[in-house]
Amino acid sequence: MKVIFPDGSEKNYNEPITPGQIAKEISEGLYRNAVGAIVNDELWDLERPIDFDCRLKIITKKDKESPEFYRHTMAHIMAQAVMRIYGEDNVRLGIGPTIENGFYYDFEILNGTINESDLENIEKEMKKIIKENLQIERFELSKEEAIKFMKEKGQIYKVELIEEIEDEKVSFYKQGEFIDLCRGPHLPRTGLIKHFKLLSVSGAYWRGSEKNPMLQRIYGTAFATKDELEEYLKMIEEAKKRDHRKLGPKLGLFFINTDVAAGMPIFLPKGSIILNELMQFSRGLHKQYGYLEVMTPLVMNVKLWHQSGHWDHYKENMYFTEKENVEYAIKPMNCPGHILIYKNSVVSYRDLPIRMFEFGKVHRYERSGVLHGLLRVRAFTQDDAHIFCRQDQIEEEVTSVVRLIDELYKPFGFTYRATLSTMPEDHMGDEETWDKATEALRKVLEDIGLDFDVAEGEGAFYGPKVDFHVRDSLGREWQCATIQLDFQMPERFDLTYVDKNGKEVRPVMIHTAKYGSLERFFGILIEHFAGAFPLWISPVQVIILPVSDKYVEYAEKIFNTLTQNGLRVQVDKRNETLGYKIREAQINKIPYMIIVGEKEEMEKTISVRNREGKEFKGISIENFIDELKKEIKERRY
RNA sequence: GCCAACGUAGCUCAACCGGUAGAGCGGCGCAUUCGUAAUGCGUAGGUUGAGGGUUCGAGUCCCUCCGUUGGCUCCA
């Protein structure tokens, strides 16, 4: 049989051969570093024989596919350790896949629970298993045999999994006394991966459904090298330090009173400044792109929500209230309000597109367990827009939205990624319309040259959508902006416009939010900048620190000048040492400190220290103001 | 909602086997009048998340509830 290598070269073999043997042939070094192979696009164990013509690539620890191998194996090592500790008969295995940055395994422990303090013990046992350097062997059973085998072991979840596998044969992996149903791939021996850490335990429903029993999930991470592991753990530490739930209250931006308003953040003056700057920026861009700002009521008759379909599809997430025997709903979305505005007048084809936007405060009930600082709340503000347009305008409109989003994200230094979500199983409208809409979205993304993934079947029930995921300074991704095509609402509300021929035609609705939720975006910004915001959104842009009481008067003069120039300034008049005031300003991440003492007062200058610690002495106030104005105008970060 | 852990001063944390709550920072007061990340001294601050139980005695043990954290589900 013939084996083709990535560089195009070929080699013939008469007997079945393993990728490992081939690697060894090429070089000892390659073999030592190999974790597995890719055979005809399939991840393949290093010691699994090949007996057919194929393309082959040896995967070493450096290849991006390698985590699939060693993290999978790590999950098995963990399961083996858990079984050794709790007893094979007391542990039922769920699933144990690899995930981004790590792996997990779900267990049911029949006679107890696993808690965080047990992790150390499990890690210890895992290290033992690694040291034992057990051979990992793959073998296949027929479905029948496999079910019988797992039934005997009492592994009811595995039996369930096997029953659903379509192939006649299923693969197993064996390392020492541990045998598990698994598609693979795996390392050849347990000793080949050492750098791991167990991170947390949590509950997880079997197959993600609340109707099923809850299993215990252990999360862990593993990397090819010690450095990579340490870097990742450091990143987690850094993320903890930047946690907006800590930084926000500390910097006086917001707090959440969980007692009276769980999930509904209260914004302090400084936080409100930032939100207002964000809104102003977004508002300006929307205006530039031809949107009209509107405002709609928070509380509206439930009738409206019956018509919109929210009553049927979204009731569980809504708040209700009642007066004079009339039931009202607090709005969870802004679209019905905007539709009322559309219907308020007769629309001609010449009027389209109509672009409406609103900083709409919406309330959505979320179960208490899912609330998370500003990132997951019950009350939030969307920079929500709806475009009503003709079918033939979809492409142009979507393009313009994508441009707007790009401009909006630019001054934060985010890179982002788009996903195109296609028709879900449960959908409304005919497939042809769906295809057309989906293709329109795809074409726009391609024309603009934006990288995107396709999420099959992930669209909203009324139309396909494009979501934007921003990547923050720690490499984490957050879903923010969204563009959704909707053919359903115009139908339900009988929206029309009059075309060239005087006929009534159905418009298309495009739902779009750019920041998504202002609260969430704010939370992301806090973590992205670790509280050191760009000048243009900093609540306090400059703090003036007189060296002692004697120079307060001069400080106040400067304060007045800066304030008159539209800067947000404070004077620290407290009777404290300069070092103390600098330290405090530094902790508060204030972009610029102005230090004034005898020298400055005499020379009519200022000394400036930025939050990076750089000092500039003998600066003229005018120059300083000009520089700051420029920095603000350019929205530098 | 479910699983697990946690809840002590504004913040960070301490208090042994159950013996009657303590420190730093911050606040306030006084002194100091200061040159680029913490001046010194003094002082106030607590129904130990809430309620119930066991006990001579509960921050500590048990139960219920509330909340937080990490997840599951859903989503901006």
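Proteins come first, then strands; the chains are lettered A, B, ... in the order of their sequence lines, and each starts at number 1. Below, each value reflects all heavy atoms present in this structure, side chains not excepted, and no hydrogens, waters or symmetry copies.
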| remark: Taking B/U39, B/C72, B/U36 as options, the one with an atom nearest any side-chain atom of A/Glu576 is B/U39
| query | Is the shortest distance from a Lys or Arg side-chain nitrogen in A/Glu358 or A/Lys331 to a carboxylate oxygen in the other one below 4.0 Å? | reply | yes
| For B/U69, does either OP1 or OP2 sit under 4.0 Å from a side-chain N or O belonging to A/Arg245? | yes
| query | Of A/Glu366 and A/Ala204, whose nearest nucleotide on RNA chain B comes first from the 5' end? | reply | A/Ala204
| field | Nearest-neighbour nucleotide for the A/Arg583 side chain, B/U39, B/C72, B/A38 considered | value | B/A38
| task | With C1' as the reference atom in both, quote the distance from B/A21 to B/G59 in angstrom, rounded to an integer. | result | 8 Å
| B/U12 phosphate, OP1 or OP2, under 4.0 Å from A/Lys246 side-chain N/O | yes
| said: Tell me whether A/Glu519 is salt-bridged to A/Arg364, with the criterion being a basic N under 4.0 Å from an acidic carboxylate O. | reply: no
| query | Considering Watson-Crick and G-U wobble pairs with both distances under 3.5 Å, what does B/U39 pair with? | reply | B/A31
| query | Does the side chain of A/Tyr592 get closer than 4.0 angstrom to OP1 or OP2 of B/U36 through an N or O atom? | reply | no
| field | Sugar-phosphate, base or nothing in reach of A/Gln479, heavy atoms under 4.0 Å | value | sugar-phosphate
| request: Give a yes/no answer on whether the side chain of A/His372 brings an N or O atom under 4.0 Å of OP1 or OP2 in B/C75. | output: no
| Which nucleotide, in any strand shown, forms a Watson-Crick or G-U wobble pair with B/U73, with both distances under 3.5 Å? | none
| Hey, does the side-chain of A/Tyr205 have a donor or acceptor N/O within less than 3.5 Å of a partner on the base of B/G1? | yes
| field | Any-strand Watson-Crick or G-U partner of B/C56, both distances under 3.5 Å | value | B/G19
| remark: Taking B/U36, B/A76, B/U33 as options, the one with an atom nearest any side-chain atom of A/Lys550 is B/U33
| said: One thing to verify: whether A/Asp243 and A/Lys241 come together as a salt bridge, which I'm taking to mean a side-chain N less than 4.0 angstrom from a carboxylate O. | reply: no
| field | Pi stacking test for A/Tyr219 and B/G71: under 5.5 Å apart, planes under 30° | value | no
| message | When you measure from the side-chain N and O atoms of A/Arg207 to the phosphate of B/C72, is any distance below 4.0 Å, counting only OP1 and OP2? | response | no
| note | 5'-most contact on RNA chain B (nearest-nucleotide basis), A/Leu578 vs A/Ser517, goes to A/Leu578
| message | On the six-membered ring of A/Phe103, is A/Arg71 placed so that its NZ or CZ lies under 6.0 angstrom from the centre and within 45° of the ring axis? | response | no
| request: Answer yes or no: does a side-chain N or O of A/Ser202 lie under 4.0 Å from OP1 or OP2 of B/C72? | output: no
| Short side-chain N/O contact from A/Arg376 to OP1 or OP2 of B/U68, under 4.0 Å | no
| Heavy-atom side-chain proximity of A/Val377 to A/Met264 below 4.5 angstrom | no
| field | Nearest-Å distance once atom P is located in both B/G7 and B/U60 | value | 11 Å
| said: Let's see if you can work this out: which of B/G1, B/C3, B/U36 has an atom nearest to the side-chain heavy atoms of A/Val370? | reply: B/G1
| message | OP1 or OP2 of B/G40 versus the side-chain N and O atoms of A/Tyr580: is any pair under 4.0 Å? | response | no
